[in-house]
Amino acid sequence: MLEELRKIQNEYLLLLKNILEEIKKDSLLDSLDLIQMFWIKNRNIIIMASDHLFKYHDTFFLTAATIFDVNDSDQNIFLVNSDYLIFDDPIPSYLTFITTKDVPKELFSNYLAKLEEVIKETIQDEIVLLEEKREFFFVLPLRYYKSNIDTDFDSIKVTKKVIQNFFSETITEEVLTKHQNIEKIINHEAISTIVLFDGDNPNESIDNRVNNYIKRNGDILPKNFSNIQTLYFALIGDFQQAFNVLEASLYFNVIPFFRSFTPYNNYYILAQTLEHNNDNLDEKRRIQNYVNKSFLGYLLYHEYYKRDVDISLSDLKQKAKNIDLKRRMRSIEPNEGGLVSVELYADEINRIIDELIK
């Protein structure tokens, strides 16, 4: 199975190199069919790997990220804390989004133009990443796969139901376009449980929070959007992403890794909701287990990042082996029936990091 996965990685590397040369002359969208056909051809192998390989090991996938920055040594902590690590390739999903007829092109022209540039940069980054041939590391489009396996399921419809919980009025087209006072239609208790971006302050008024969001993302937002429209579409995008991550995680037997608190928090909220409403005890335990492992992975990265140390991957692997990092991380996972909290685990993780980097 590992050899088949490595073969797919080598073939994808060649495909991306060819595409990179072609997009210098032709449209980026001409590459869509090639990439879709490549992953469709290999879909059964990835599903087999999830059932016979990923399922029986701690297999993490770095998701809700555009790139795996090969120059960011802090990310090496992901590699030494997993049996297998997957970078959730966003390129097929991005290309599909650009070509979908459901997106009003004129309204989101700035975002679509930015996305084309992001795709080109991601192709270049993934070529570098695949050329390194890191052991037990794979580039696979898991969220894209899941969205194309269950095509009859309307995840947008489900996402909109979740988003409705953040508003005190039923959101309709008329409310989005005619309502002017965002403070009056917000469920303030619910909206205080999420962050719109890293650094967002849930204690501020929602009007200030949305204005700060616009300052950070104004180059890709429609110019004529009101604060209500901006918030609604931001929530749709964020929770659609979280829902796709949750589905891919459960379907492919992989644990999400997040570099940023915002997407982790959205994933956590959705996972809690799913776990709470699930009557299947085995599924409840599985969701709890994945959420807990995901949180501990995020906390490990976050605390390691704050140390500002520069350790090569080979040295970090040896240090992780010396302290048996994987076993140590598994030993602090909570028992059945509970979700982890920062207060309980931050100190223990920092003690592990102290031993790791000394």
Side-chain angles (χ1 to χ4, degrees), residues 1-20 22 30-68 70 75 78-79 81-97 99 119 122-153 155 241 243-257 283 286 289-290 293-294 297 326:
M1 187 60 66
L2 281 174
E3 283 305 312
E4 290 175 298
L5 289 173
R6 292 188 184 105
K7 182 173 180 289
I8 289 173
Q9 298 296 277
N10 291 332
E11 291 175 352
Y12 192 44
L13 172 60
L14 292 175
L15 176 61
L16 290 180
K17 284 183 174 181
N18 290 334
I19 287 173
L20 189 61
E22 290 300 318
D30 294 337
S31 308
L32 177 60
D33 288 343
L34 294 174
I35 290 179
Q36 284 184 329
M37 288 169 59
F38 176 83
W39 287 118
I40 289 171
K41 178 185 71 173
N42 291 296
R43 184 174 69 176
N44 288 340
I45 295 175
I46 308 305
I47 293 174
M48 287 179 61
S50 76
D51 290 336
H52 300 288
L53 188 65
F54 304 156
K55 184 176 182 179
Y56 300 104
H57 298 82
D58 273 350
T59 303
F60 290 84
F61 77 125
L62 179 60
T63 187
T66 303
I67 61 170
F68 187 99
V70 294
Q75 291 180 133
F78 292 136
L79 291 162
N81 186 43
S82 56
D83 296 325
Y84 301 104
L85 179 61
I86 296 166
F87 174 58
D88 186 23
D89 182 13
I91 294 174
S93 297
Y94 286 166
L95 286 170
T96 302
F97 181 82
T99 58
I119 292 171
T122 306
I123 290 173
Q124 294 173 336
D125 290 329
E126 288 188 5
I127 287 173
V128 174
L129 195 60
L130 289 166
E131 284 180 332
E132 290 191 346
K133 300 185 185 301
R134 300 186 182 203
E135 190 177 21
F136 306 132
F137 180 93
F138 307 103
V139 176
L140 303 171
L142 298 188
R143 278 182 295 162
Y144 170 77
Y145 266 139
K146 184 61 183 75
S147 66
N148 283 276
I149 287 171
D150 192 4
T151 55
D152 292 332
F153 180 73
S155 60
Q241 180 189 68
F243 193 84
N244 291 341
V245 168
L246 182 59
E247 279 203 310
S249 170
L250 296 173
Y251 187 86
F252 290 104
N253 302 300
V254 291
I255 304 152
F257 247 158
E283 279 299 302
R286 186 171 173 234
N289 183 43
Y290 279 15
K293 285 178 178 288
S294 181
K326 294 176 187 176

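This one's a predicted model, so the numbers in the text were calculated from it and none came from an experiment.
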Using the side-chain contact (heavy atoms from CB on, under 4.5 Å) criterion, which residues pair with [X]? Sequence neighbours excluded.
X      : result
Gln36  : Leu32, Asp33, Thr96, Tyr144
Ser294 : Ile255, Pro256, Phe258, Tyr264, Tyr267
His52  : Met48
Asp83  : His57, Asp58, Lys326, Arg330

What I'd like to find out is whether the side chain of [X] reaches to under 4.5 Å of the side chain of [Y], using heavy atoms alone.
X      : Y      : result
Leu140 : Phe252 : no
Val245 : Phe61  : yes
Leu62  : Gln75  : yes
Trp39  : Ile35  : yes
Tyr290 : Val254 : no

Considering only distance and modelled atom types, tabulate donor-acceptor pairs under 3.5 Å from the side chains of residues 5-17, sequence neighbours left out.
from	atom 1	to	atom 2	distance (Å)
Arg6	NH1	Glu3	OE2	2.8
Lys7	NZ	Glu11	OE2	2.6
Gln9	OE1	Val139	N	2.6
Gln9	NE2	Val139	O	3.0
Asn10	OD1	Lys133	NZ	2.7
Asn10	ND2	Arg6	O	3.4
Tyr12	OH	Asp89	OD2	2.5
Lys17	NZ	Glu131	OE2	3.0

Between [atom1] on residue [X] and [atom2] on residue [Y], distance to nearest 0.5 Å:
X      : Y      : atom1 : atom2 : result
Leu34  : Ile19  : CG    : CD1   : 5.5 Å
Ile123 : Ile91  : CD1   : CD1   : 4.5 Å
Phe60  : Phe257 : CZ    : CZ    : 4.5 Å
Ser93  : Gln241 : OG    : CD    : 10.5 Å
Glu247 : Leu142 : CD    : CG    : 12.5 Å

Not counting sequence neighbours, which residues clear ring pair (Phe, Tyr, Trp, His ring centres under 6.0 Å) with Phe136? List them please.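 Checked Phe136 against ring pair (Phe, Tyr, Trp, His ring centres under 6.0 Å); matches are Tyr84.
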List the residues meeting ring pair (Phe, Tyr, Trp, His ring centres under 6.0 Å) with Phe54, not counting sequence neighbours, and say none if there are none.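 Partners of Phe54 by the ring pair (Phe, Tyr, Trp, His ring centres under 6.0 Å) criterion come out as none, since no residue qualifies.
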Applying side-chain hydrogen bond (donor to acceptor under 3.5 Å, both in side chains), name anything that partners Glu135, two or more places apart in sequence or on another chain.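 Glu135 satisfies side-chain hydrogen bond (donor to acceptor under 3.5 Å, both in side chains) with no other residue.
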Can you name the residues that form a salt bridge (Lys or Arg N to Asp or Glu O under 4.0 Å) with Arg286, not counting sequence neighbours?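 In terms of salt bridge (Lys or Arg N to Asp or Glu O under 4.0 Å), with neighbours along the sequence ignored, Arg286 is linked to Glu283.
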Taking salt bridge (Lys or Arg N to Asp or Glu O under 4.0 Å) as the test, write out the residues that go with Glu4, two or more places apart.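 Scan of Glu4 (salt bridge (Lys or Arg N to Asp or Glu O under 4.0 Å), adjacent residues dropped) gives none.
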Near Met37 CE, under 6.0 Å, is it more than 12 heavy atoms from other residues, nucleotides or ligands?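 At most 12 heavy atoms, drawn from other residues, nucleotides or ligands, come within 6.0 Å of this atom.
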Within the distance-only criterion (no hydrogens, no angle test), does the side chain of Asp88 pair as donor or acceptor with the backbone N or O of Arg143 below 3.5 angstrom?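 At least one qualifying donor-acceptor pair exists.
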How far apart are the closest heavy atoms of Tyr56 and Asp51, and which atoms are they?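 Where Tyr56 meets Asp51 most closely, the heavy atoms are CE1-O, 3.3 Å.
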Heavy-atom pair with the smallest gap, counting every atom of Ser50 and Asn253: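 That closest heavy-atom pairing would be O-ND2, 3.0 Å.
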